[in-house]
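Only heavy atoms go into these numbers, but all of them, side chains included; no hydrogens, no water, no symmetry mates. Everything quoted here is computed from the prediction, not taken from an experiment.
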Amino acid sequence: MRKTGLREALFASALALLAVPAHGAPDETGSGLPVPRFVSLKADKVNVRNGPNRDQDVAWIFSRAGLPVEITAEFETWRRIRDSEGTEGWVYHSLLSGRRTALVAPWMKTGTVSLRDKPSTDADVVARLEHGVLGSLKNCDGQWCRFTGPGFDGFIEQNQLWGAYPNEKLD
């Protein structure tokens, strides 16, 4: 009886080891890229589903290409995303782009954020952007990002953007 218990324990341990990927091995359930990470929507119409397959109900539809979203999980070719309001759902991977975009302070209700000609609080203000303005991230040094869009190009403090992590550096 003791040998049987030991054999079962060894078998269970072996199964558990098979279920854990070796260090550095690619994750077969997703892209192998870091999670979480920011990406943007590729299309003007993106169905967001309740689960990671086409049989799941569409919870809502995004209708703005370029909108930044955060990937919070991956399952095969599906990505769970979160928008700037914290709402999550699943989208098919091909509807997402690696192009980095950001929203200006979507948490603000009033006021503007200064866009400057250089990455410094002493630099000249080239524009005042309202909350929710969408633009492209050209680079970030961890404190400032070069932020461009239709009719504006300058530097904005990184903590005033949704679409870049604090202290994240982008080239």
Under 3.5 Å, is there a donor-acceptor pair between the [X] and [Y] side chains?
X	Y	value
N159	Q143	no
T72	R80	yes
R99	S136	yes
S114	R128	yes

For the [atom1] atom of [X] and the [atom2] atom of [Y], what is their distance to the nearest 0.5 Å?
X	Y	atom1	atom2	answer
T77	N53	OG1	CG	9.5 Å
F147	R116	CZ	CZ	15.0 Å
W78	I71	CH2	CD1	13.5 Å
M108	L129	CE	CG	10.0 Å
L41	S63	CG	OG	9.5 Å
L134	S40	CG	OG	8.5 Å

Could you tell me whether the side chain of [Y] reaches within less than 4.5 Å of the side chain of [X], counting heavy atoms only?
X	Y	answer
L96	K42	no
F155	D117	no
L67	L103	yes
R79	S31	yes
V69	V39	yes
I61	V48	no

Steps toward side-chain contact (heavy atoms from CB on, under 4.5 Å) verdict (S84, E70): CA-CA 8 Å; S84 64; E70 183 180 30; over 6 Å; no
Write down the atom of [X], the atom of [Y], and the distance for their closest heavy-atom approach.
X	Y	result
F62	I81	CE1-CD1, 3.7 Å
T101	G66	OG1-O, 2.6 Å
G163	P68	CA-CB, 4.4 Å
W144	D141	N-OD1, 2.7 Å

Test log, rule side-chain contact (heavy atoms from CB on, under 4.5 Å), inputs Y92 and N47: CA-CA 9 Å; Y92 194 66; N47 290 335; over 6 Å; no
Electrostatic pair E168:R100 at N-O distance under 4.0 angstrom: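 Answer for the salt bridge query: yes.
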Working for side-chain contact (heavy atoms from CB on, under 4.5 Å), residues E74 and V35: CA-CA 8 Å; E74 297 184 342; V35 174; 4.0 Å; yes
Indicate yes or no for a side-chain donor-acceptor contact from [X] to the backbone of [Y] under 3.5 Å, with no hydrogens or angles considered.
X	Y	result
D83	E85	yes
D44	A65	yes
Q158	Y165	yes

Connected via hydrophobic side-chain network under 4.5 Å: V125 and I156: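 V125 does not cluster with I156.
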Chi angles and distances behind the side-chain contact (heavy atoms from CB on, under 4.5 Å) call for R146, L137: CA-CA 6 Å; R146 180 156 171 239; L137 293 176; over 6 Å; no
Steps toward ring pair (Phe, Tyr, Trp, His ring centres under 6.0 Å) verdict (F75, W90): CA-CA 9 Å; F75 178 75; W90 291 87; 7.0 Å; no
